There are 2 protein chains.
Amino acid sequence: MDAQPVPDTTPAPAARPAPTGPRAARKRQAIVRAARDLFLREGFGVGMDAIAAEAGVSKVTVYNHFGSKEALFTAVVAGGLDEPLSESGRGDRGGEGRSDAPDLARLVDADGPDALKAALADAGRAWGRALRADTEGRALRTLVATEVHRFPELGRAWRAHGPAGHHPAVTNALRALADRGLLDIPDLEVAVLQLYSLLVFPQMVFEQHGTELGEELGERLVVDGVEMFLRRYAATPGPAPAPSSAPGRAPAPSSTPGS
Amino acid sequence: MDAQPVPDTTPAPAARPAPTGPRAARKRQAIVRAARDLFLREGFGVGMDAIAAEAGVSKVTVYNHFGSKEALFTAVVAGGLDEPLSESGRGDRGGEGRSDAPDLARLVDADGPDALKAALADAGRAWGRALRADTEGRALRTLVATEVHRFPELGRAWRAHGPAGHHPAVTNALRALADRGLLDIPDLEVAVLQLYSLLVFPQMVFEQHGTELGEELGERLVVDGVEMFLRRYAATPGPAPAPSSAPGRAPAPSSTPGS
DNA sequence: TCAACTGTACTGTGCCGTACAGTTCAGTTA
DNA sequence: TAACTGAACTGTACGGCACAGTACAGTTGA
């Protein structure tokens with residue numbers, strides 16, 4: 001739009017300095033909430049009047065808080081990305097269970113092959129549940145995917161919330177399990193991706209295509225995926241399990257798990 | 001919103017009967033092509049003037065062929081879905097290689113574990129290449145995902161082109177391999193999905209998030225994914241490999257999305 | 001020859017962003 | 001507690017712009 005050489009030294013020459021105060025905070029939150037709902041439901045083409053009306057706020061107030069529609073959009077998206085389903089109770093249709101993140105502690109604390117298998121399957125089910133409940137997140141992803149070319153500044157926050165979002169936690173969990181001799185993982189990065197591939201990616205792909213991976217098929221995929229993952233990475237009980245500097249705790253697991 | 005009793009009995013009272021003739025066909029094709037390019041690059045918000053200009057055609061001609069912008073959009077999407085990268089040579093940036101579909105014949109004809117492993121890896125690489133080259137398809141998917149709520153008629157064709165697009169071919173290939181005793185697959189539907197999960201879904205998920213699964217990491221995933229798949233499903237060489245020539249156990253023909 | 005196409009100018013509409021006059025709220029001082 | 005004050009908010013109306021769709025007279029091509 002404007003290619004004027006705006007001096008960065010004067011960030012807001014004539015721009016209102018953004019309202020402050022307790023009431024302003026309430027209004028601002030209402031605006032962001034309404035804008036998110038409408039953006040996710042109608043797309044970026046929704047009008048500012050509609051947003052202001054939905055927020056119960058005058059359109060001028062919207063422009064006093066966020067200088068432009070694009071600024072509002074980026075604020076909404078950035079905020080939505082960092083607030084997966086945070087405590088702000090969305091009374092209507094938001095996710096009910098707090099099962100957003102699977103219990104990774106149970107994973108690392110697994111003290112045997114059977115517990116590990118159960119913990120992995122539970123993690124897969126939790127991921128599936130979280131994905132299924134995260135309608136907003138899904139809409140947000142597709143919305144950003146289409147509009148990111150017009151808002152390059154979103155690229156960073158967008159990429160940060162890609163599939164590598166909570167990789168570190170899972171990576172650490174798998175590494176801990178490998179150090180304890182329960183798993184034998186030659187390529188940790190690949191193993192993490194494979195775990196995701198088997199347990200969560202199918203649902204993501206199906207959902208992105210407007211289809212629903214059925215409940216029953218999802219369960220079969222989780223169970224069989226865990227089976228597959230463990231058949232590949234479960235440490236063999238015989239030889240020295242942990243080569244790294246891990247506390248050499250003899251695991252003594254059973255033989256290869258049955259079907 | 002609108003509850004007006006529009007008489008459906010007169011579907012096209014004054015609508016032009018759509019131009020015919022050899023010239024009209026050329027123009028029509030040019031319009032569709034330009035519209036697809038612009039829709040995929042700019043989104044549905046692109047102007048009709050821009051589309052007409054890109055097609056080298058008057059705007060009136062566009063409206064003579066397609067009565068409205070929405071009709072043009074649906075025509076473009078429907079056509080684009082059914083023409084993945086068909087022979088119509090897209091000179092500019094379209095996919096170059098004809099590697100769209102991996103060589104499934106080589107898969108079924110594999111005469112041993114090593115050949116099977118190589119064929120699977122090659123299939124994975126071909127899928128990755130096809131996905132990487134299919135920029136249009138990716139943009140089309142996200143575009144439809146965002147606009148499908150405004151064009152419900154697209155839902156059917158959309159869902160049909162989900163991840164289960166070429167499931168049947170792969171399913172048949174795996175079944176043939178199982179019948180020949182090279183694989184031991186208890187749940188065929190799950191096995192097909194797992195093969196996809198390991199070989200192609202990672203790239204799809206990363207691409208949908210604007211990230212790029214690097215070439216090198218992709219190769220590691222293919223190699224390791226094939227390893228994992230075969231470790232799970234390779235028939236044990238010792239005992240009787242093939243239980244029977246009949247499809248041993250494909251009990252769940254549940255609502256598989258796609259044909 | 002006649003249908004299809006072109007170029008331009010036009011109407012109408014929807015929407016972003018702003019101006020302005022009046023009103024509500026939150027904190028401060030007496 | 002009560003009056004005061006200024007920032008924040010409201011409602012409406014408007015400028016300007018972009019765009020969907022049309023009218024019309026002239027031109028091209030099978």
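Since we're looking at a predicted model, the values are computed, not measured.
- When heavy atoms are screened at a 4.0 angstrom cut-off, A/V62 is found touching no nucleic acid atom at all.
- Here A/R26 does not reach the OP1 or OP2 of C/dT24: none of its side-chain N or O atoms lies under 4.0 Å away.
- Using bins of under 30°, 30° to 60° and over 60° for the plane-to-plane angle, the ring pair A/F44/A/F39 lands in the parallel bin.
- The minimum heavy-atom distance linking A/L198 with A/G225 is given by the pair CD1-O, 3.6 Å.
- In this structure, B/K69 is not positioned above the aromatic face of B/Y63 in the sense of NZ or CZ being under 6.0 Å from the six-membered ring centre and within 45° of the axis.
- Scored by the side-chain hydrogen bond (donor to acceptor under 3.5 Å, both in side chains) test, B/R132 finds no partners at all (sequence neighbours excluded).
- The base of D/dG11 is not paired with the side chain of A/K59 by any donor and acceptor separated by under 3.5 Å.
- In this structure A/A53 satisfies the side chain to side chain contact (heavy atoms under 4.5 Å, CB included) test with no other residue, sequence neighbours excluded.
- For the helix from C/dT1-D/dA30 to C/dA30-D/dT1, the end axes, each set by the C1' atoms of five terminal pairs, are bent relative to each other by 30° (nearest 10°).
- Of the candidate nucleotides C/dT8, D/dG21, D/dT12, C/dT8 has the atom nearest to the side chain of B/V60.
- Taking a 4.0 Å limit (strictly below) on heavy-atom distances, residues 47-54 of chain A does not reach DNA chain D anywhere.
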Stepwise side-chain contact (heavy atoms from CB on, under 4.5 Å) test for A/F201 and B/L193
CA-CA 10 Å; A/F201 284 179; B/L193 278 174; over 6 Å; no
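- What separates OH of A/Y63 from C1' of D/dC9 is a distance of 17 Å, to the nearest Å.
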Below 3.5 Å between N/O atoms, which protein atoms pair up with nucleotides 3-5 of chain D? Just atom names and distances, please.
none

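- Every side chain to side chain contact (heavy atoms under 4.5 Å, CB included) that A/T61 has, sequence neighbours left out, goes to A/I31, A/V57, A/S58, A/H65.
- For the side chain to side chain contact (heavy atoms under 4.5 Å, CB included) test, residues two or more places apart in sequence or in another chain that qualify with B/R106 are B/D103, B/A118, B/A119, B/D122.
- For B/R36 and B/F73, the positive end is not near the middle of the six-membered ring at less than 6.0 Å and at most 45° from its axis.
- Under the side-chain hydrogen bond (donor to acceptor under 3.5 Å, both in side chains) criterion, A/E54 pairs with no residue, sequence neighbours left out.
- Following rounding to the nearest Å, B/F66 (CZ) and D/dA20 (P) show an atom-to-atom distance of 15 Å.
- With sequence neighbours left out, the side-chain hydrogen bond (donor to acceptor under 3.5 Å, both in side chains) criterion links B/Q203 to no other residue.
- Where B/G45 and B/P22 each meet DNA chain D at their nearest nucleotide, the meeting point lying more 5' is that of B/G45.
- Using a 4.0 Å heavy-atom criterion, one finds that B/G56 contacts the sugar-phosphate atoms exclusively.
- Within the nucleic acid shown, B/G67 has no heavy atom closer than 4.0 Å to any nucleic acid atom.
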For nucleotides 3-5 of chain C, tabulate all protein N/O to nucleotide N/O atom pairs closer than 3.5 Å, reporting atom names and distance.
from  : atom 1 : to    : atom 2 : distance (Å)
C/dA4 : OP1    : B/T20 : N      : 3.4
C/dC5 : OP1    : B/H65 : NE2    : 3.3

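- Scored by the side-chain hydrogen bond (donor to acceptor under 3.5 Å, both in side chains) test, B/E70 finds no partners at all (sequence neighbours excluded).
- In this structure A/R23 satisfies the salt bridge (charged side-chain N to carboxylate O under 4.0 Å, His left out) test with no other residue, sequence neighbours excluded.
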